[in-house]
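Okay, structure first, notes after.
All values derive from a computational prediction rather than experimental measurement. Computed over heavy atoms, backbone and side chain alike; hydrogens, waters and symmetry mates excluded.
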Amino acid sequence: MSTGTTKLDVVVSDVVPVNELVTRFHFRPAGGGLLPTFSGGAHVVVEMRDGDRPRLNPYSLMSSPLDTSEYTISVRRDDAGRGGSLFMHRKVKPGDRMVVSYPVNLFSLDLRAKKHLMIAGGIGITPFMAQTAQLAADGGNFELHYACRTASLFTYGDVLAERYGRRIHLYHDDRGEKIALERLLSSQPLGTHLYICGPAPMIDWVRATAASLGWPPETVHYEHFSAPQPGVPFDVTLAVTGKTIHVGEQQSLLEAIEAAGVDPPYLCRGGVCGQCETNVISCDGKFLHNDHWLSEEDHASGKKIMPCVSRFEGRSLVLER
């Protein structure tokens with residue numbers, strides 16, 4: 001997606017506090033009717049107009065793919081973040097008109113799998129809400145293991161347990177409960193696919209354990225959107241347009257390029273899809289790579305950058321765009 005892509009005008013139909021950190025938002029089409037179809041694991045990019053500063057954040061769709069009368073997302077408040085979650089929590093109210101992207105799925109179910117094993121942490125439960133609804137409707141075989149810090153923060157754990165019974169396994173960190181991961185992964189039938197969404201350390205732990213047990217890489221799926229990190233301001237020159245752009249402390253490189261009137265492509269804005277990958281023409285300084293797309297070799301080469309989440313520190317940077 002980029003700013004030239006068709007977007008969806010929606011109305012906030014409901015805002016529902018779920019717990020002390022998470023709030024759910026319901027969107028309906030501004031003109032009535034139905035929203036575009038999507039599959040479990042899809043996300044939308046929500047546009048927020050915070051004064052004169054636009055914010056665009058990706059959020060997983062958690063509503064059932066069987067009902068496109070509305071889209072539903074859940075947003076975890078991050079008091080130390082860049083402000084997108086705070087805007088949603090503090091300023092968005094029922095009746096507001098907003099703009100969201102068409103759904104994009106970078107975390108889709110592989111329907112060839114004989115079984116779907118899902119592991120979630122914290123707010124990472126949201127894509128599984130849609131995926132379990134899709135699988136349950138189709139008679140799919142799935143099992144979900146969901147870990148959270150405390151019972152009060154178990155977003156939708158009780159809902160899932162009520163819907164799917166023994167397919168759902170809940171773990172409370174404050175009770176010392178932990179997923180017996182090696183035993184769980186070792187006991188799965190042939191043809192099982194693994195899906196992971198949650199904090200980065202949990203994703204790394206599950207992926208590393210699966211790899212050590214011989215799980216084929218094509219059967220391990222994960223989703224983790226990185227948030228752009230603040231940093232030292234810097235300037236960048238775009239070789240094609242000839243523009244020199246200043247990137248502020250709280251601004252991503254992608255946001256700065258967009259603010260300068262350039263329309264770069266993107267899908268996730270979280271460093272995982274590869275859509276905004278950009279070639280580096282020259283640089284004098286160091287890169288701060290925060291993406292999950294480029295290889296270690298790409299990072300070391302100094303020839304590529306993902307402007308949605310990565311930064312630069314140094315005297316000069318020239319990009320191809």
Side-chain angles (χ1 to χ4, degrees), residues 1 5-50 54-78 81 83-108 120 122-137 144 146 148 152-164 168 197 223 225 267-270:
M1 176 183 172
T5 300
T6 303
K7 302 177 185 180
L8 302 170
D9 293 311
V10 296
V11 174
V12 180
S13 56
D14 205 0
V15 177
V16 182
V18 178
N19 56 44
E20 61 185 272
L21 290 179
V22 176
T23 297
R24 185 171 69 248
F25 299 86
H26 297 250
F27 303 111
R28 289 188 176 269
L34 299 177
L35 292 161
T37 58
F38 67 97
S39 56
H43 73 271
V44 294
V45 175
V46 178
E47 296 190 8
M48 295 163 260
R49 297 295 169 181
D50 190 4
R55 302 180 186 276
L56 292 87
N57 286 9
Y59 295 107
S60 295
L61 289 172
M62 56 166 292
S63 44
S64 171
L66 307 178
D67 178 9
T68 57
S69 63
E70 68 173 17
Y71 288 163
T72 307
I73 64 171
S74 285
V75 179
R76 185 186 187 279
R77 192 185 75 244
D78 183 358
S85 70
L86 293 178
F87 178 90
M88 293 294 292
H89 276 249
R90 295 174 179 174
K91 298 185 179 181
V92 175
K93 61 186 183 301
D96 286 353
R97 294 179 70 100
M98 300 188 75
V99 175
V100 304
S101 73
Y102 269 66
V104 174
N105 202 336
L106 305 174
F107 188 51
S108 59
I123 196 61
I125 192 61
T126 51
F128 295 124
M129 298 294 291
Q131 288 186 341
T132 53
Q134 178 180 331
L135 288 170
L144 185 144
Y146 179 25
C148 204
S152 64
L153 295 178
F154 245 118
T155 313
Y156 307 114
D158 54 345
V159 174
L160 288 166
E162 183 177 348
R163 286 180 185 172
Y164 307 120
I168 307 301
C197 188
E223 180 175 66
F225 294 132
L267 288 175
C268 73
R269 303 183 75 91

Can you confirm whether [X] sits close enough to [Y] that some side-chain heavy atom of one is under 4.5 Å from a side-chain heavy atom of the other?
| X | Y | answer |
| --- | --- | --- |
| V10 | L35 | yes |
| V104 | V45 | no |
| T23 | M88 | no |
| V12 | K93 | no |
| I73 | L61 | yes |
| V46 | F25 | no |

Nearest 0.5 Å please: distance from the [atom1] atom of [X] over to the [atom2] atom of [Y].
| X | Y | atom1 | atom2 | value |
| --- | --- | --- | --- | --- |
| E70 | L34 | CD | CG | 11.5 Å |
| T37 | Y102 | OG1 | OH | 10.0 Å |
| M98 | L8 | CE | CG | 13.0 Å |
| S60 | H43 | OG | NE2 | 8.0 Å |
| Y156 | T132 | OH | OG1 | 12.5 Å |
| F38 | S64 | CZ | OG | 6.5 Å |

Please answer whether the main-chain N or O of [Y] pairs with a side-chain N or O of [X] as donor and acceptor at a distance below 3.5 Å.
| X | Y | answer |
| --- | --- | --- |
| Q131 | F107 | yes |
| S85 | D78 | yes |
| T72 | S63 | no |
| N105 | S39 | yes |

Heavy-atom closest pair, residues [X] and [Y]:
| X | Y | result |
| --- | --- | --- |
| V22 | H89 | C-CE1, 4.0 Å |
| M48 | G84 | SD-O, 3.5 Å |
| C268 | P58 | O-CG, 3.1 Å |
| A42 | P103 | CB-CB, 4.2 Å |
| Y71 | P36 | OH-O, 2.6 Å |
| P65 | G40 | CG-N, 3.8 Å |

Task: side chain to side chain donor-acceptor pair (under 3.5 Å) partners of N19, counting only residues at least two apart - done: T155

- [ ] Using the test side chain to side chain donor-acceptor pair (under 3.5 Å), find all partners of Y59 that sit at least two apart in sequence or belong to another chain.
- [x]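 Per chain and number, Y59 pairs via side chain to side chain donor-acceptor pair (under 3.5 Å) with N57.
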
Task: Verdict with reasoning, Q134 to L66, per side-chain contact (heavy atoms from CB on, under 4.5 Å) - done: CA-CA 7 Å; Q134 178 180 331; L66 307 178; 6.0 Å; no

Open item on the list: I need the single residue from R97, R269, R55, K7 that forms a salt bridge (Lys or Arg N to Asp or Glu O under 4.0 Å) with E47. Which is it?
Closed with: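 So the option named by the test is K7.
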
Open item on the list: Taking the ring of F154 and the ring of Y146, is the distance between their centroids below 6.0 Å?
Closed with: yes

Open item on the list: Quiz question: by atom type and distance under 3.5 Å, do the side chains of R24 and H26 form a donor-acceptor pair?
Closed with: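 Their side chains do contain a donor-acceptor pair, which is all the 3.5 Å distance test asks for.
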
